[in-house]
Chemist: 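One structure is given below, represented as structure tokens, and several questions about it will come after.
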There are 2 protein chains.
Amino acid sequence: MEKFIPLTDLTNNSKAIKEPPLQSTFEKYEKKFKALADQKRLHILNLLCQQDSSCVCDLSELIDMPQSKLSYHLKILLDANLIQKETKGTWSYYTVNTEEINHLLSPELCCLFRPSNCC
Amino acid sequence: MEKFIPLTDLTNNSKAIKEPPLQSTFEKYEKKFKALADQKRLHILNLLCQQDSSCVCDLSELIDMPQSKLSYHLKILLDANLIQKETKGTWSYYTVNTEEINHLLSPELCCLFRPSNCC
DNA sequence: AAATAAAATCAAAAATTTTTGATTTAACGG
DNA sequence: CCGTTAAATCAAAAATTTTTGATTTTATTT
């Protein structure tokens, strides 16, 4: 059992509070930027912003994309935590994860990828 | 020759100033996010931030990557306008395009992908 | 219980991106 | 002019991502 809390973490560039190693930080952002690195997914995000909650079948019509393809892209956005899912019965409703988008993107991208009330 | 400037652009959702169509906006950001969607390139950006100007051979040692591979990744960042190149003799010096990064990313990503003096 | 409907999953094919090692280009110094 | 060095380019191989159509899962309705 530890007797006292060390004041400095010598293993990590002498910062008192342990930061995750750069490597895993890069992994995290790689995943998020990969999710954003696709026109179709940017379009989906943009649509979700305007609707504030949509099910797959609604989106499927808006964006003219087969259901399985849409589910595939939604999963990538979901796994990157850029959107959230709420299931009601047989429907899945998706919404933009505004907090996450705010952490990631500049205010200038507001109009495209954040809910419509913001600008 | 135009007699007067139209007050509204009826072809584009009645906004007076013509915006690029969403499609081409998505294309633009797809390219930038694709450039960011890779651990190695995030690492390169992070290194460039700290150095404020480095040639390929210096980077190649810092990141332990063969020269042709590094050139490939630098080109992707360059084409996305996230970095800039200045050639002196046989050397190419690369720097982060801070303005572009600022337009794209949140202030929270400052420490990782902007020059070191900012936080 | 059977029929229907929404959405997720799966496996194979197609498309795209990345890696690799060799070659080329361009600039410099003797 | 020749040798050297930095960096870009190239083509083929390898790896990863996306598309497609079929199937499965889950919940609802009759």
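We name chains A, B, ... by the order of the sequence lines, and we start the count at 1 in each one.
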Chemist: When the distance from CD1 of I83(A) to C1' of dA7(C) is rounded to whole Å, what number comes out?
Modeler: 13 Å
Chemist: Can you sort out the partners of K40(B) under side chain to side chain donor-acceptor pair (under 3.5 Å), two or more places apart, ordered by chain and number?
Modeler: D38(B)
Chemist: How many whole angstroms separate atom CG of L74(A) from atom P of dT19(D)?
Modeler: 13 Å
Chemist: Over how many whole Å does the gap from H73(B) atom NE2 to dT18(C) atom C1' extend?
Modeler: 6 Å
Chemist: Counting just side-chain N and O atoms, does K40(A) come under 4.0 Å of either OP1 or OP2 of dT19(D)?
Modeler: yes
Chemist: Under 3.5 Å, sequence neighbours excluded: what are the donor-acceptor pairs made by side chains of residues 101-110 of chain B?
Modeler:
{"from": "N102(B)", "atom 1": "OD1", "to": "R114(B)", "atom 2": "NE", "distance (Å)": "2.9"}
{"from": "N102(B)", "atom 1": "OD1", "to": "R114(B)", "atom 2": "NH1", "distance (Å)": "3.2"}
{"from": "H103(B)", "atom 1": "ND1", "to": "E108(A)", "atom 2": "OE1", "distance (Å)": "3.2"}
{"from": "H103(B)", "atom 1": "ND1", "to": "E108(A)", "atom 2": "OE2", "distance (Å)": "2.7"}
{"from": "S106(B)", "atom 1": "OG", "to": "H103(A)", "atom 2": "O", "distance (Å)": "2.4"}
{"from": "S106(B)", "atom 1": "OG", "to": "E108(B)", "atom 2": "N", "distance (Å)": "3.2"}
{"from": "E108(B)", "atom 1": "OE1", "to": "H103(A)", "atom 2": "ND1", "distance (Å)": "3.2"}
{"from": "E108(B)", "atom 1": "OE2", "to": "H103(A)", "atom 2": "ND1", "distance (Å)": "2.7"}

Chemist: Please name the pair of heavy atoms, one in L42(B) and one in L36(B), separated by the smallest distance, quoted to 0.1 Å.
Modeler: CD2-O, 3.3 Å
Chemist: If the cut-off is 4.0 Å, is S92(B) near the phosphate of dA8(D), judged by side-chain N/O to OP1 or OP2?
Modeler: yes
Chemist: On a heavy-atom basis, which atom in L112(A) and which in C49(A) lie closest, and how many Å separate them?
Modeler: O-SG, 3.9 Å
Chemist: Between the protein and nucleotides 9-17 of chain D, are there any N/O to N/O pairs under 3.5 Å, and if so, what are the atom names and distances?
Modeler:
{"from": "dT17(D)", "atom 1": "OP1", "to": "K34(A)", "atom 2": "NZ", "distance (Å)": "3.2"}

Chemist: Between protein and nucleotides 28-30 of chain C, what N or O pairs are separated by less than 3.5 Å?
Modeler:
none

Chemist: Distance from H73(A) atom NE2 to Q39(A) atom CD, nearest 0.5 Å?
Modeler: 11.0 Å
Chemist: Taking distance alone, no hydrogens or angles, what donor-acceptor pairs closer than 3.5 Å link side-chain atoms of residues 62-72 of chain A to residues at least two apart or in another chain?
Modeler:
{"from": "Q67(A)", "atom 1": "NE2", "to": "S71(A)", "atom 2": "OG", "distance (Å)": "3.2"}
{"from": "S71(A)", "atom 1": "OG", "to": "Q67(A)", "atom 2": "O", "distance (Å)": "3.4"}

Chemist: Could you tell me the separation between the CD atom of E86(B) and the C1' atom of dA7(D), rounded to a whole number of Å?
Modeler: 16 Å
Chemist: The helix from dA1(C)-dT30(D) to dG30(C)-dC1(D): angle between its terminal axes, five pairs each, to 10°?
Modeler: 20°
Chemist: Let me know the distance between OH of Y94(A) and C1' of dA7(C), rounded to the nearest Å.
Modeler: 8 Å
